[in-house]
Amino acid sequence: MLDLQRGGELARRSRPGDTTAFDDVMAVGAGGSGKHGDPSVIPAGNFTLSIMFVNPGQGNAAHTHEVEECFFVLQGFLDVFVEDETGRRVTTRLGPWECISCPAGVIHGYQNDSLEPVYFQVMLGRGKPDTMGYADEELYRRRADHLKVGAA
């Protein structure tokens, strides 16, 4: 049975200009968070879809997934980077309605270096992907800490 109310509420909270928007509104599946039993999201079949809200100066650490990840900018500007095997980083700025696909196993990440918040969609190519892996050894060691009982 489809839960249209829950899906509509998630979509409403992710609209640009909505002051209740979260940093990560997981709409379909848990993405790379590893929180696959989260009852507040629409269960994922073969992919995940999240709406992200990132303030200026914020971003995420260099990381990888075992599946392809796509970023699609809805509003604002997002600087996305990928790294090759030698550690050479290439960055590109995406604007509204632009996207990038990061292949499985490739180190990548993003940063909002603009003066305005950015809203974008993130898709992962598996319904229950593994928790993301980090290039930084300390972050990698702690990558599942948020899944422990009592974690926020």
Side-chain angles (χ1 to χ4, degrees), residues 10-11 13-16 18-44 46-152:
L10 288 170
R13 291 192 339 215
S14 66
R15 276 199 313 243
D18 188 338
T19 59
T20 63
F22 293 97
D23 287 345
D24 182 358
V25 176
M26 294 178 282
V28 178
S33 73
K35 298 179 180 181
H36 300 300
D38 186 343
S40 70
V41 300
I42 298 167
N46 298 306
F47 67 93
T48 67
L49 173 67
S50 302
I51 305 296
M52 304 290 288
F53 170 83
V54 179
N55 278 311
Q58 301 296 308
N60 72 352
H63 66 280
T64 63
H65 300 279
E66 83 284 8
V67 296
E68 183 176 20
E69 181 173 37
C70 297
F71 301 131
F72 182 93
V73 175
L74 300 169
Q75 178 181 334
F77 295 92
L78 184 69
D79 294 312
V80 179
F81 65 86
V82 294
E83 292 184 8
D84 67 16
E85 305 82 30
T86 67
R88 184 177 68 96
R89 184 176 284 191
V90 177
T91 302
T92 188
R93 175 164 281 189
L94 301 177
W97 297 92
E98 293 182 324
C99 67
I100 189 170
S101 176
C102 304
V106 171
I107 294 174
H108 62 279
Y110 59 81
Q111 178 78 22
N112 180 357
D113 286 328
S114 75
L115 300 175
E116 300 291 331
V118 61
Y119 290 86
F120 62 104
Q121 294 177 330
V122 178
M123 285 187 73
L124 283 168
R126 181 174 293 155
K128 293 183 179 179
D130 293 340
T131 304
M132 69 179 90
Y134 289 98
D136 179 275
E137 289 182 29
E138 178 62 17
L139 288 175
Y140 183 83
R141 188 183 62 74
R142 297 184 354 227
R143 71 185 186 139
D145 285 356
H146 68 287
L147 300 174
K148 295 177 181 169
V149 177

Is N55 reaching over with its side chain to a backbone N or O of Q58, donor-acceptor style, under 3.5 angstrom?
->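 Not confirmed, N55 side chain does not pair with Q58 backbone.
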Just wondering, are more than 12 heavy atoms of other shown residues or ligands nearer than 6.0 Å to CG in N46?
->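 At most 12 heavy atoms, drawn from other residues, nucleotides or ligands, come within 6.0 Å of this atom.
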Got a second to check how far [X]'s [atom1] is from [Y]'s [atom2], nearest 0.5 Å?
X: F77; Y: L115; atom1: CZ; atom2: CG; result: 10.5 Å
X: L78; Y: F72; atom1: CG; atom2: CZ; result: 12.5 Å
X: H63; Y: H65; atom1: NE2; atom2: NE2; result: 3.5 Å

Where is the tightest heavy-atom contact between [X] and [Y], given as atom of each residue plus distance?
X: E83; Y: V106; answer: O-CG1, 3.7 Å
X: Q111; Y: G57; answer: NE2-O, 2.9 Å
X: F71; Y: V122; answer: CD2-CG2, 3.6 Å
X: I107; Y: A62; answer: CG2-CB, 3.7 Å
X: C102; Y: V82; answer: SG-CG1, 4.2 Å
X: F81; Y: T91; answer: CB-OG1, 3.5 Å

Using the side-chain contact (heavy atoms from CB on, under 4.5 Å) rule, take L74 and I51 through it: C-alpha gap first, then chi angles, then the decisive distance, then the call.
-> CA-CA 9 Å; L74 300 169; I51 305 296; 4.3 Å; yes
Using side chain to side chain contact (heavy atoms under 4.5 Å, CB included) as the criterion, list what pairs up with E68, not counting sequence neighbours.
->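 Side chain to side chain contact (heavy atoms under 4.5 Å, CB included) list for E68, sorted by chain: C70, S101.
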Mind running ring-ring contact (aromatic ring centres under 6.0 Å, His included) on F120 and Y110 for me, showing each step along the way?
-> CA-CA 11 Å; F120 62 104; Y110 59 81; 5.0 Å; yes
Return yes if a side-chain donor-acceptor contact under 3.5 Å exists between H108 and E69, otherwise no.
->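 A pair is found: one side chain offers a donor N or O, the other an acceptor, under 3.5 Å apart.
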Flag the pair L49 / Q121 as yes when at least one side-chain heavy-atom distance between them is below 4.5 Å, and no otherwise.
->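 L49 reaches Q121 side chain to side chain.
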Please report, to 0.1 Å, the donor-acceptor pairs under 3.5 Å made by any side chain of residues 93-100, with sequence neighbours excluded.
{"residue": "R93", "atom": "NE", "partner": "D79", "partner atom": "OD1", "Å": "3.0"}
{"residue": "R93", "atom": "NH2", "partner": "D79", "partner atom": "OD2", "Å": "3.0"}
{"residue": "E98", "atom": "OE1", "partner": "G95", "partner atom": "N", "Å": "2.6"}

